[in-house]
Amino acid sequence: MSSSHRPIVFSAAQPTGQLTLGNYLGALLPWTRLQEEHDCLFCVVDLHALTVRQDPVEFRERVLDLAALYLACGIDPERSVIFVQSHVSAHAELAWLLSTFTMMGELERMTQFKDKAHRHANNINAGLFTYPVLMAADILLYGTHKVPVGEDQKQHLELARDVALRFNGIHGPLLRVPEPLVTGGGAARIKDLQDPTKKMSKSVESDLAKVMILDEPESILKKFKKAVTDSLGVVRDDEANQPGVVNLLNIWRAARGATMEEALAHFAHNQYGRLKVETAEAVIELLEPVRLRFREWRADAGALDAVLERGGILAGERAEGTMRKVMNALGMPLNRRRFVMGLSDQ
Ligand code: TRP
């Protein structure tokens with residue numbers, strides 16, 4: 001797997017809360033397609049999630065939930081590496097080393113830090129501040145070529161590039177400088193069902209605003225029936241005046257694999273009621289198999305553990321190769337354990 005010449009892709013999500021239909025269409029589904037032609041690593045970044053206080057009992061379950069969700073969505077452990085960040089200690093270690101190549105000013109500029117510091121004003125811990133350094137380590141450890149990221153993570157990826165370039169400028173070209181990969185596109189830009197001018201977000205309060213990947217069919221139907229539209233009464237592709245209708249059209253065609261022309265033809269002369277119900281039906285059909293596979297994986301703790309253990313070993317071996325080179329370049333004395341493990345990747 002790792003010895004192939006396919007470009008290396010790394011991506012990750014935090015095990016906090018459930019993921020939405022927007023996450024599915026914009027991230028998880030595109031990830032499964034990348035497996036065809038790339039050497040992919042998909043990580044559950046538990047260390048990142050610790051920057052916000054977690055209940056330990058709940059947290060362990062959320063980590064397993066997310067790993068099971070990756071599998072349920074179609075990430076194939078025979079083709080891709082699925083693993084938990086904390087299982088590969090090199091992530092935290094490289095993050096430390098890279099923090100000495102990251103400037104305070106760079107981290108202070110991160111809009112997500114400013115935003116999170118504002119939202120968690122009583123817990124502005126240093127981890128929240130150095131979060132992007134750990135993310136840079138995640139990516140740079142594997143010689144990643146491409147990183148599928150959403151708009152909100154572009155600034156972090158840019159920082160990872162800057163850190164790699166700075167390191168390389170001083171110590172030679174050891175770290176591959178990653179490129180962003182824009183996945184999804186128009187049809188995957190799913191909006192909030194209650195406020196269709198905003199992106200559908202898992203952190204929004206209202207249950208009606210977001211469809212979760214694991215929602216039951218009845219709940220999906222209810223949410224779409226209550227989706228906010230407008231009073232114009234015609235199904236048109238007019239984002240400025242009818243954001244709710246356009247969002248439903250986009251969701252329907254993403255779920256059905258149809259173009260906007262096909263969607264408009266399909267719903268011409270229809271009331272909004274039919275658009276809402278048919279969109280709900282398309283989403284239910286799309287998510288049902290994912291929910292069922294998720295349950296199967298979650299019911300088989302042994303199988304899930306086995307996948308994660310193997311993923312951790314595969315990722316760990318590959319990470320060691322980078323650690324060995326970086327530590328050597330920085331002038332650290334040879335570490336025999338690292339040397340032996342990291343060689344398998346070379
Ligand atoms: N920060 C990302 C998010 O919250 C998650 C993440 C951590 C990530 N490390 C990464 C994404 C490396 C891509 C690559 O969405």
Side-chain angles (χ1 to χ4, degrees), residues 7-20 22-28 30-31 34 38-52 54 59 62-63 66-67 69-70 73 75 80-88 90-95 98-99 102 107 110-117 119-120 127-164 175-184 188 190 199-204 213 311 315 318-319 322:
I8 299 167
V9 162
F10 183 99
S11 203
Q14 293 190 59
T16 47
Q18 283 198 25
L19 296 182
T20 67
N23 297 126
Y24 180 71
L25 292 171
L28 289 164
W31 289 4
L34 284 168
H38 300 80
D39 173 15
C40 298
L41 298 108
F42 297 112
C43 187
V44 176
V45 286
D46 54 348
L47 299 176
H48 278 107
L50 292 176
T51 55
V52 173
Q54 305 288 343
F59 190 49
R62 294 297 84 78
V63 172
L66 186 55
L69 192 64
Y70 284 4
C73 288
I75 306 288
S80 301
V81 180
I82 303 185
F83 71 107
V84 177
Q85 188 183 33
S86 64
H87 289 183
V88 179
H91 287 253
E93 294 171 306
L94 185 62
L98 294 180
S99 75
T102 310
L107 294 175
M110 294 291 119
T111 54
Q112 193 165 77
F113 170 69
K114 290 190 243 178
D115 184 49
K116 283 195 184 168
R119 278 193 283 134
H120 304 277
L128 208 53
F129 189 63
T130 56
Y131 179 112
V133 184
L134 180 58
M135 179 160 160
D138 297 341
I139 297 165
L140 301 178
L141 263 181
Y142 300 98
T144 304
H145 292 90
K146 301 185 209 171
V147 184
V149 279
E151 213 43 59
D152 63 327
Q153 296 297 316
K154 280 229 182 101
Q155 198 185 25
H156 288 162
L157 185 60
E158 197 54 46
L159 181 81
R161 289 169 52 88
D162 291 343
V163 169
L175 299 174
R176 181 169 291 128
V177 183
E179 300 289 336
L181 189 70
V182 182
T183 50
I190 305 306
K199 184 182 126 183
M200 185 182 283
S201 158
K202 65 175 172 176
S203 48
V204 93
I213 299 178
R318 294 171 64 165
T322 304

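Remember, predicted model here, so these are calculated numbers, not experimental data. Ligands are counted one by one from 1 in listed order, and the atoms in each one are counted from 1 as well. When reading the values below, keep in mind they use all heavy atoms of this one structure, side chains included, and skip hydrogens, waters and symmetry mates. In this chain, residues are counted from 1 in sequence order.
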Atom 9 (N) of ligand 1: nearest protein contact (heavy atom, Å)
Asp138 OD2, 2.7 Å
How about Lys199: does its NZ atom have over 12 heavy atoms from other parts shown lying under 6.0 Å from it?
no
At less than 4.0 angstrom from any non-hydrogen atom of Ile139, what atoms of ligand 1 do you find?
12 (C), 14 (C)
For the atom pair SG (Cys73) and CG (Leu19), what is the distance rounded to the nearest 0.5 Å?
8.0 Å
Looking only at protein heavy atoms, which one is nearest to atom 5 (C) of ligand 1, and what is the separation?
Ala12 O, 3.7 Å
Should the ring pair Tyr142 and His91 be called parallel, tilted or perpendicular, given that the plane angle runs from 0 to 90° and is split at 30 and 60?
tilted
Note: heavy atom closest to atom 3 (C) of ligand 1, options Gln85, His91, Gln153, Gln112, belongs to Gln153
Below 4.0 angstrom from a heavy atom of Val45, which ligand 1 atoms are there? Numbered from 1 as shown, please.
7 (C), 9 (N)
Under 4.0 Å from one or more heavy atoms of Val147, ligand 1 contributes atoms 13 (C), 14 (C)
Indicate yes or no: does an N/O atom of His156 lie under 3.5 Å from an N/O atom of ligand 1?
no
State, yes or no, whether a side-chain contact exists between Gln155 and Leu159 at a heavy-atom distance under 4.5 Å.
no
Over 60° means perpendicular and under 30° means parallel, so tell me whether Phe113 and Phe129 are parallel, tilted or perpendicular.
perpendicular
Do Leu157 and Ile139 come within less than 4.5 Å of each other through their side chains, counting heavy atoms only?
yes
To the nearest 0.1 Å, how far is atom 1 (N) of ligand 1 from its closest protein heavy atom, and which atom is that?
Tyr131 OH, 2.7 Å
Which ligand 1 atoms are under 4.0 Å away from a heavy-atom of His48?
7 (C), 9 (N)
Interatomic distance, CG@Asp39 vs OG@Ser80, rounded to 0.5 Å, equals 8.0 Å
